[in-house]
Amino acid sequence: MQVKILDEQHNAASWELRRPVVEIELGILGGMLLIITGLFFVQSAVRWPFIAGVATLALGAAFYVAFTTPLWERGAMERTPEGGTVTCERRWLLHRELERWEVPLESVESVGVMRRTVEETDGHVVSAARCYVRLAEGGILVPLTGWATVESATQLAQNFARAARVPVEAA
């Protein structure tokens, strides 16, 4: 997934991260239907428990993804003569309310990129990163984005730091 920078100015930045949750849900349900269709034609007494098990696992996985993965995440930062704000919003598939948080720009001490290894196969390593801000009170790390490509998260951190006039933490 890519963090898409929507707007970049000398005193503001806005970004968005969209996830393919609907496509994942359709893939889970489509896979469930294919497996159930194949099991339906098996002439065995245990096919019905297998069909019920596949349906239960697939529906459980679909609900888990719908409850834990946001459809999109948006954020904005604006530096004004009075100070400025940093806002982030998240929307889920099954949650009714929009999750939103806002902090004053004066409480942001720095911005950085957190990295993690997602997959390592045959000597090939795939990494993901998320952009975060460090708040002045207590040094709390607050994520600005979810996990995305390292390049897009790094680009957002640089743009955010430039517009907010805060330092970028070394990785």
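Side-chain atoms of Arg115 do not come within 3.5 Å of backbone N or O of Ala129 as any donor-acceptor pair. Counting only distance, with no hydrogens or angles, the side chain of Arg91 and the backbone of Arg74 share no donor-acceptor pair below 3.5 Å. In terms of modelled atom types and a separation under 3.5 Å, the side chain of Arg47 and the main chain of Phe41 share no donor-acceptor contact. A donor-acceptor pair under 3.5 Å is absent between the side-chain atoms of Ser14 and the main chain of Ala76, judged by distance alone. Between the Glu8 side chain and the Asn159 main chain, no donor and acceptor come within less than 3.5 Å of each other. Formation of a donor-acceptor pair under 3.5 Å by the Arg130 side chain with backbone atoms of Thr145 is found in this model.
Placement of Leu33 and Ile35 within a single hydrophobic cluster is found when ILVMFWY residues are connected by side-chain heavy-atom separations under 4.5 Å, directly or transitively. Put simply, Val142 and Val103 are part of the same group of oily side chains (I, L, V, M, F, W, Y) that touch within less than 4.5 Å, one to the next. Taken together through direct or relayed side-chain contacts under 4.5 Å among Ile, Leu, Val, Met, Phe, Trp and Tyr, Trp72 and Val3 form parts of separate hydrophobic clusters. Cluster annotation: Leu29 is connected to Leu39 through the hydrophobic network of ILVMFWY side chains, with a link wherever side-chain heavy atoms come within less than 4.5 Å. Clustering ILVMFWY residues whenever any of their side-chain heavy atoms sit less than 4.5 angstrom apart, transitively, puts Trp15 in the very cluster that holds Val166.
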Checking Trp48 against Phe40 for the side chain to side chain contact (heavy atoms under 4.5 Å, CB included) test, could you report, in this order, the C-alpha distance in whole Å, the side-chain angles of both residues, the deciding distance, and whether it holds? CA-CA 8 Å; Trp48 296 112; Phe40 186 71; 3.6 Å; yes

May I have the step-by-step check of side chain to side chain contact (heavy atoms under 4.5 Å, CB included) for Met77 and Leu144, ending in yes or no? CA-CA 10 Å; Met77 183 280 307; Leu144 293 176; over 6 Å; no

Could you walk me through whether Phe63 and Leu94 pass the side chain to side chain contact (heavy atoms under 4.5 Å, CB included) check? CA-CA 9 Å; Phe63 279 116; Leu94 295 180; 3.9 Å; yes

Might you work through the side chain to side chain contact (heavy atoms under 4.5 Å, CB included) test for Val133 and Phe160, ending with a clear yes or no? CA-CA 10 Å; Val133 292; Phe160 186 98; 3.8 Å; yes

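Taking every heavy atom of both residues into account, Ile28 and Ala58 meet most closely at CG2-O, 3.4 Å. Taking every heavy atom of both residues into account, Gln9 and Ala163 meet most closely at O-CB, 3.8 Å. In terms of heavy-atom proximity, Val150 sits nearest to Ala128 at CG2-C, 4.1 Å. When every heavy atom of Ala164 is checked against every heavy atom of Leu105, the shortest pair comes out as CB-CD1, 3.9 Å. Between Tyr132 and Val111, the shortest heavy-atom contact is O-CG2, 3.2 Å. When all heavy atoms are compared, the tightest approach of Thr56 to Ala52 is OG1-O, 2.7 Å.
At least one side-chain heavy atom of Met114 sits under 4.5 Å from a side-chain heavy atom of Trp147. Glu73 has its side chain out of reach of Cys88: every pair of non-hydrogen atoms, C-beta onward, lies at least 4.5 Å apart. The side-chain heavy atoms of Val42 and Phe50, taken from C-beta on, include no pair separated by under 4.5 Å. In this structure, the side chains of Leu71 and Val22 come closer than 4.5 Å at one or more pairs of heavy atoms.
Here Leu59 contributes atom CG and Met32 contributes atom CE; the two are 5.0 Å apart, rounded to the nearest 0.5 Å. Here the NZ-CG distance, from Lys4 to Leu156, works out to 14.0 Å after rounding to the nearest 0.5 Å. Expressed to the nearest 0.5 Å, how far CD of Glu109 lies from CD of Glu169 amounts to 7.5 Å. The distance from the CD atom of Gln2 to the CD atom of Gln155 is 10.5 Å, given to the nearest 0.5 Å.
Annotation: Glu23, atom CD; neighbour count of heavy atoms from other residues, nucleotides and ligands within 6.0 Å is above 12.
Ionic pairing of Arg18 and Glu16 is present here: one or more N-O contacts between side-chain nitrogen and carboxylate oxygen are shorter than 4.0 angstrom.
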